[in-house]
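Reading through the structure tokens given below for one structure.
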Amino acid sequence: SVYSGAILIMREKVVLIVDDDISNLKIARSFLNDKGFRTDVVKSGKDFLKYMSKMNPDLILLDVMMPEMDGFEAYSRLRQLEKDTGRYETPVIFVTADDTPEIEIEGLRVGAADFIHKPFERDILIRRIEKTIESVSTIKELTEEAKADPLTGLLNKAGTRRRLEDICSFERGAMAILDLDSFKLVNDIYGHDMGDQILIGFSKALIGMIGSEDVAGRIGGDEFLVFIKNAALHDIETLCEKINDSITENAKSLMGQDFNIPLGVSIGAVFAPEMGTGYEELFKKADKALYSVKLNGKHGYAVYEDDKEIEKDILVEEEMSRLTKIMEERNESHSALWISQNVFMNIYRFLIRFIHNYHGVAHKALFTLLPKSENMPDYRMTEISELFGETLKTTLRKSDLMMQSKSNQFFVLLPTVPEEFIDNVIQRIMDTWEKNEHSLEVDVHIETEMIDGRGKEYDGRRIGDKNISQT
């Protein structure tokens, strides 16, 4: 095998020993295992690199003098491997029986964490390994803390936690978790680039609403954490109102005034030191408060008081109202529902069963856009397709469903549209589209098919390709 060694899960610290001398391997492993380290061993530079391509030890003891590939060459190749894969540099302590100063100078010059001479002195070996691992762990933690979230510029999850672990223990104020409602729909319908713009705008608004001494961080995809010093209940209420207004305003500025996704913010808050002084304790309580907001309609806030209040049983007669609020978002759509393919397929299958079971009728329509010019760039075709999609969405009824099956193709389900009216529906869509100046750049091919649950046999039919440049 490439490597071997006893696996002792004690301190979860792994030391890889690279040495072609069996006696040195046994001695080093014995010292380290006695101190609770887990050890793996390899006997050549080639096996060392193979091991490192798959594993990630906490520290490496690397012998300088080995056949075929010496320790310095193996070290250089390791650093290139780590650079290529974007990994942290694993600390390396060089090991040698050569006591000339030139060897040690070269080892430190190339970047080794330390240098140890053979034969091993047990206490020196252990102290240097422990010190090196501790130093590297501290550097990693500080590096993680220093890193800002690359999208929003706020503290990332690690940095937020480290900052608040100290603040929660001695500052008076409120910890609040802010979770965006219905954000996934923005990504599904408008794409992840638009979702990123929403998150950036939200972060800027949030920073403008808290004080310079307060802390804000992004702890998940659409989840944020703030600590507002010396906050009172009215501060949480005001933040909730302003941030919800801001996110709606920003969304409409980015996606148009007809934007109708029920985007908003739910906030769960807890006050310190009244309800605790530890980060974990306060976070769990704020999360419970947030959960209660999610259960009761979203776009609001709740402040943790006690478990009995947050987790109280809901009366049976209130259950219908509660569930209705969860399912009915605040904003009602006045256009067709544009949804992702996975969601569309589930709804489609349900509606087909419903139509056949209750003898209804519906139509399917497939709209495919093709560029008139062979030289039209892809990005231009994407832009025009988005415009056509918006035309479909606003022209169709709010009971209709649509999805974008390909970048240039839209599938529409029209419930309760009988055969004699489908031409009128298609004509209305095309009349609206032809008012768009960009419609002249593409042809639209349309196929429709009737879904009939009344017991009659209707074959699918094809409407002649429509060239939207024609009036």
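These figures come from a predicted structure and were not determined experimentally. Values reported hereafter were calculated over all heavy atoms of this structure, with side chains retained and with hydrogens, waters and symmetry mates removed.
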Are more than 12 heavy atoms from other residues, nucleotides or ligands located less than 6.0 Å from atom [atom1] of [X]?
X    : atom1 : result
M69  : CE    : yes
K46  : NZ    : no
F350 : CZ    : no
E121 : CD    : no
E241 : CD    : no
F115 : CZ    : yes
K118 : NZ    : yes

Between Y279 and F283, what is the ring plane arrangement, given parallel below 30°, perpendicular above 60°, and tilted in between? parallel
Classify the ring geometry of F94 against Y75: parallel below 30°, tilted from 30° to 60°, perpendicular beyond 60°.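 Ring orientation, 0 to 90° scale: tilted.
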When you check the gap from the basic side-chain N to the acidic O, do [X] and [Y] get nearer than 4.0 Å?
X    : Y    : value
E280 : R161 : yes
K184 : D188 : yes
R127 : E130 : no
D149 : R218 : yes
K43  : D63  : no
E134 : K131 : no
R380 : E383 : yes
E274 : R172 : yes
K294 : D179 : yes
R128 : D114 : yes
D40  : R38  : yes

Centroid-centroid distance, [X] to [Y], less than 6.0 Å:
X    : Y    : value
Y304 : F271 : no
F411 : F367 : no
F224 : F202 : yes

So, for [X] and [Y], which heavy atoms are closest and what is the spacing to 0.1 Å?
X    : Y    : value
S266 : K298 : OG-CA, 3.5 Å
I243 : I267 : CG2-CD1, 4.4 Å
G276 : L282 : O-CD2, 3.5 Å
G217 : L154 : CA-CB, 4.0 Å
I247 : G264 : CG2-CA, 4.0 Å
F227 : L164 : CB-CD2, 3.5 Å

For the side chain of [X] and the backbone of [Y], is there at least one donor-acceptor N/O pair under 3.5 Å apart?
X    : Y    : result
D222 : F183 : no
S292 : A289 : yes
T160 : N156 : yes
E441 : P371 : no
S44  : D47  : yes
T277 : P273 : no
S385 : M381 : yes

If you define the side chain from C-beta out and look only at heavy atoms, does anything of [X] sit under 4.5 Å from [Y]?
X    : Y    : result
S182 : V186 : no
V15  : I129 : yes
D58  : F37  : no

If you measure only the distance, is there a donor-acceptor pair under 3.5 Å linking the side chains of [X] and [Y]?
X    : Y    : result
T238 : D235 : no
D98  : T100 : yes
T39  : N33  : yes
D21  : S23  : yes

Identify which one of L387, T368, L369, N408 satisfies the side chain to side chain contact (heavy atoms under 4.5 Å, CB included) criterion when paired with V442. L369
What distance do L32 atom CG and I27 atom CD1 have between them, rounded to the nearest 0.5 Å?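 One finds 12.0 Å between CG of L32 and CD1 of I27.
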